[in-house]
Amino acid sequence: MPGSAKGEARKAANSKTLEVLARVGLVAYGLVHLLVGWLALQIAWGGSKQNADQSGALKAIAQKPFGSVLLWLVAVGLAALAVWQASEAIWGHTEGEDQKKRLARKGKAAARAVIYLALGISAARFAIGSGKSSSQSQQNTTQGVLSLPGGRFIVAVAALVIIGVGGALMYRGVKKKFLKDIDTSSLSSSARQTITRLGQIGYVAKGVGLAVVGLLFGYAAITFDPNKARGLDGAMRTIAAQPFGQILLTAVALGFVGFGLFALAQSRYRSM
């Protein structure tokens, strides 16, 4: 009986319906990154006060006609992505690699499942009108952690982890590691090259953004000031405040746009 239930669960996770919803989720994921890039460009060139992060992107969708409907589609698609990645973490990556590589790929799938689920929940909250700024939530969380015994150490470790993830994303982009997850054999060489460049630019830009987020968390730990941990929006504004910040932030913003376009391409060519 338990084995049968497990088999049915795995069958459901690999169903055609879930695949279609997961591809819709990749479209939604791409849309969110396109909007983050656009909001970052507004900060670079107009000093916008709108948050240049996922919560800002979801809020921008909510303000459009039929925004709540679109947000529910985003939420459902991202939930499907989370289920798909969770199934990969549980049942996938069982052949063709050594055990360490299989475990690493399972761990990455589990991490992506958590990210997609969190973003999907955030989209649902904005759909019902209770969405909140992710930067403010991160500051509140950091304040709570800093008040704990050893809180400064915990925040510092979190900062190192975030910086590490940012570095891993940059490495994935530079080394084109993302290509193993997509099948573009039916495309022309120029189209494949375009998708490859979008992936490289997008992953590097996301990596830079996360690395700056990690540095801000580290600064919050050093100064014992939770207000320094401002998330992706804070990272964008920190980049803008640097010498040649307008140019630097424009490059990062266009990178997020590139990642959004790459995610849209993934919705068609991702191997599932």
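Side chains are part of it too, since the values below use all heavy atoms of this structure and drop only hydrogens, waters and symmetry mates. Numbering starts at 1 and runs along the sequence shown. Since we're looking at a predicted model, the values are computed, not measured.
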Quick one: pull up [atom1] in [X] and [atom2] in [Y] and give me the separation to the nearest 0.5 Å.
{"X": "I182", "Y": "S267", "atom1": "CD1", "atom2": "OG", "answer": "11.0 Å"}
{"X": "L146", "Y": "I154", "atom1": "CG", "atom2": "CD1", "answer": "9.0 Å"}
{"X": "D53", "Y": "S122", "atom1": "CG", "atom2": "OG", "answer": "9.0 Å"}
{"X": "K177", "Y": "Y203", "atom1": "NZ", "atom2": "OH", "answer": "13.0 Å"}
{"X": "Q54", "Y": "L39", "atom1": "CD", "atom2": "CG", "answer": "10.5 Å"}
{"X": "R105", "Y": "E88", "atom1": "CZ", "atom2": "CD", "answer": "8.5 Å"}

Going by heavy atoms in the side chains, are [X] and [Y] under 4.5 Å from each other?
{"X": "L78", "Y": "L117", "value": "no"}
{"X": "R268", "Y": "R23", "value": "no"}
{"X": "V212", "Y": "V252", "value": "no"}
{"X": "L34", "Y": "L264", "value": "yes"}
{"X": "T250", "Y": "F244", "value": "no"}
{"X": "L26", "Y": "R270", "value": "yes"}
{"X": "R172", "Y": "K206", "value": "no"}
{"X": "V257", "Y": "I201", "value": "no"}

Mark yes or no for whether [X], through its side chain, and [Y], through its backbone, hold a donor-acceptor pair below 3.5 Å.
{"X": "S188", "Y": "A191", "result": "yes"}
{"X": "Q246", "Y": "A44", "result": "yes"}
{"X": "R112", "Y": "Q85", "result": "no"}

In terms of hydrophobic clustering (I, L, V, M, F, W, Y; side-chain heavy atoms under 4.5 Å; direct or indirect links), are [X] and [Y] co-clustered?
{"X": "L254", "Y": "I43", "result": "no"}
{"X": "V208", "Y": "F259", "result": "yes"}
{"X": "L41", "Y": "V36", "result": "no"}

For the student: nearest non-hydrogen atoms of [X] and [Y], plus distance:
{"X": "A80", "Y": "A22", "result": "CB-N, 3.7 Å"}
{"X": "G209", "Y": "A235", "result": "O-CB, 3.8 Å"}
{"X": "M170", "Y": "V204", "result": "CG-O, 3.6 Å"}

Knowing that exactly one of V76, L81, V83 qualifies, which makes a side-chain contact (heavy atoms from CB on, under 4.5 Å) with L21?
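Running side-chain contact (heavy atoms from CB on, under 4.5 Å) over V76, L81, V83 with L21 returns exactly one hit, V76.
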
May I ask you to decide whether R192 forms a salt bridge with D183, counting only side-chain N to carboxylate O separations under 4.0 Å?
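No.
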
By the definition ring pair (Phe, Tyr, Trp, His ring centres under 6.0 Å), identify the one residue from Y29, F178, Y269 that meets it with F262.
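Testing F262 for a ring pair (Phe, Tyr, Trp, His ring centres under 6.0 Å) against Y29, F178, Y269 leaves exactly one candidate, F178.
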
